[in-house]
There are 2 protein chains.
Amino acid sequence: MRKKNPSIPAAGEGKRGEEGYLGYLLRQAAGAYRLKVERALDEFAVTQAQFAALTMISAYPGISNADLARLAVLTPQTVSVIVGNLEKAGSLVRRPHAVHGRIQHLDLSESGRALLKKCRERVYKLEGELTAGLSAEEERAVRRWLVNVATADAPQP
Amino acid sequence: MRKKNPSIPAAGEGKRGEEGYLGYLLRQAAGAYRLKVERALDEFAVTQAQFAALTMISAYPGISNADLARLAVLTPQTVSVIVGNLEKAGSLVRRPHAVHGRIQHLDLSESGRALLKKCRERVYKLEGELTAGLSAEEERAVRRWLVNVATADAPQP
DNA sequence: CGCATAATATCAGAGCTCTTATATGTTATT
DNA sequence: AATAACATATAAGAGCTCTGATATTATGCG
C-alpha cells in the first residue's frame with residue numbers, strides 16, 4: 001500500500017512507545033482522547049472544553065467565571081472565551097450577582113441541560129473504554145499519578 | 001485571606017480528585033504539565049509543541065512535514081503551523097526534496113540545535129519529577145495506559 | 001472616610017489544533 | 001499515454017489557551 005519509512009516509528013512504537021518520555025506520552029494521550037471526545041460530540045458541535053464547562057456548571061449552578069476557572073484549572077480569560085461561546089449557542093445564561101456588582105452567575109439554560117444530557121451518554125461510553133484493560137490496582141495508580149501531575153505546583157493552603 | 005466557597009472543591013479534591021472522571025483527570029494533568037513545560041522554557045520562547053517538534057527533527061533529520069505529523073499524532077496542517085513558527089525563529093530550515101517535487105525536508109539549524117540543547121536540560125528535570133513517587137510497577141502501568149489511550153483508534157496495518 | 005490592595009471581568013495578541021478546501025506532484029489502472 | 005487515486009503542502013476559519021493590560025467593584029487599614 002504505502003511504503004513506510006522504516007526509520008520512523010509509528011506513534012505507539014519505539015521512542016514514541018512505552019519507553020518514550022512520559023511528557024510526550026501524556027501529551028499524545030490527552031490529544032488523542034480530546035479528539036475522540038470531540039468527534040463523538042461533533043453532531044452537537046460541542047468541544048471537550050465546553051463539555052467540561054457544562055458539566056461543572058451543572059454540578060455547581062450559579063458558579064462565577066472566576067470560580068469556574070479555578071475549578072477547571074484554567075485562566076479566567078480562557079474560561080471567559082468558552083463561556084462566551086456557550087452563551088452564543090444559548091446553552092447557558094449569565095446573571096448579575098444580587099448584591100455584588102461585578103460577579104456574574106452562570107447557569108445552564110433549558111437547552112443547555114438537554115444538550116449536556118445527550119453529550120453525557122456519548123462521553124460515558126468513552127470514559128468506559130478508558131478504564132478497560134486496567135486492573136483495579138492499575139487504575140488506582142493511574143488516577144493517583146494524574147492527580148499528582150495536575151496538582152503538582154498548586155500552593156497548599 | 002480569601003474566603004473559599006466551601007461547596008466548590010479544589011482541583012485535587014472531590015469530584016476533581018481521584019474519584020473523578022479519568023477523562024477530566026487526563027485533560028487537567030496534560031494542561032498542567034504543558035503549562036509547567038512552557039514556563040520552564042519561557043526564557044527561550046519555546047512552546048511544548050515546538051520542543052516536541054525540535055526533538056523529533058533532531059532524532060529524524062530530513063523528516064518531511066507529513067511524516068512529522070504522523071510521528072507526533074497531529075494533522076499536517078497543525079505541524080505546518082508549528083514548523084512555520086520555528087522557521088520564522090530561525091531554528092530550522094526547509095530543503096526541497098532532491099527528486100520529489102513536493103516533499104520538503106526539515107532540519108535543525110545551528111541555532112536550533114543549540115536551542116534544543118538548552119531546552120532539554122530544563123525539560124529533563126520536569127520529566128524526572130513526573131516519575132518521582134512512582135514505583136517501577138506503577139510507572140509501567142501508567143506508561144502502558146498512556147500508550148493505549150494514545151493509540152486506541154490507530155488502524156493496525 | 002479615603003486610599004491601597006485584591007478580586008472580577010474583559011480586551012488584545014500570540015500560538016496550538018482541528019476542519020474544510022485548494023493546488024500540486026506521484027503512482028496505479030486502464 | 002491518459003486518467004484516476006493517492007500523497008504532500010498550504011491557506012482560511014474556528015475554538016482553546018496562555019500572557020499582558022485595563023476597567024470596575026470590594027475590602028481592609030490608616
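Worth knowing before you read on, the calculation uses all heavy atoms, side chains too, and leaves out hydrogens, waters and symmetry mates.
At dC18(D), none of the side-chain N or O atoms of Arg39(B) fall inside 4.0 Å of OP1 or OP2 (strictly under the cut-off). Distances shorter than 4.0 Å separate some side-chain N or O of Arg70(B) from OP1 or OP2 on dT8(D).
Scanning for salt bridge (Lys or Arg N to Asp or Glu O under 4.0 Å) contacts around Glu43(B) gives Arg122(B), with sequence neighbours left out.
Here dC18(D) presents its P atom at 17 Å from OH of Tyr33(B), a figure rounded to the nearest Å. For the pair Leu71(B) CG and dT8(D) P, the interatomic distance rounds to 14 Å; values are reported in whole Å.
Helical stems of DNA chain D (runs of at least 3 Watson-Crick or G-U pairs, donor-acceptor distances under 3.5 Å) are listed by first residue: C:1-30 with D:1-30.
Hydrophobic clustering (ILVMFWY, side-chain heavy atoms < 4.5 Å, transitive): Val93(B) and Leu106(B) are in distinct clusters. With hydrophobic clusters built from ILVMFWY side chains whose heavy atoms lie under 4.5 angstrom apart, Phe44(A) shares a cluster with Val123(A).
Looking only at atom types and distance, the side chain of Thr55(A) has a donor-acceptor partner in the side chain of Tyr24(B) under 3.5 Å away.
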Worksheet, complete the sentence: Per-nt protein contacts along nucleotides 9-17 of chain D (heavy atom under 4.0 Å; B base, S backbone sugar-phosphate only, - none) come out as BBB---SSB
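Salt bridge annotation for Arg113(B)-Glu110(B): present, with a cationic side-chain nitrogen under 4.0 angstrom from a carboxylate oxygen. Between Asp67(B) and Arg70(B), at least one side-chain N (NZ, or NE/NH1/NH2) sits under 4.0 Å from a carboxylate O, which counts as a salt bridge. Of the charged side-chain nitrogens involved, at least one lies within less than 4.0 Å of a carboxylate oxygen, so that Arg143(A) and Glu139(A) count as a salt-bridged pair.
Between Arg94(A) and Val83(A), the closest side-chain pair of non-hydrogen atoms falls below 4.5 Å.
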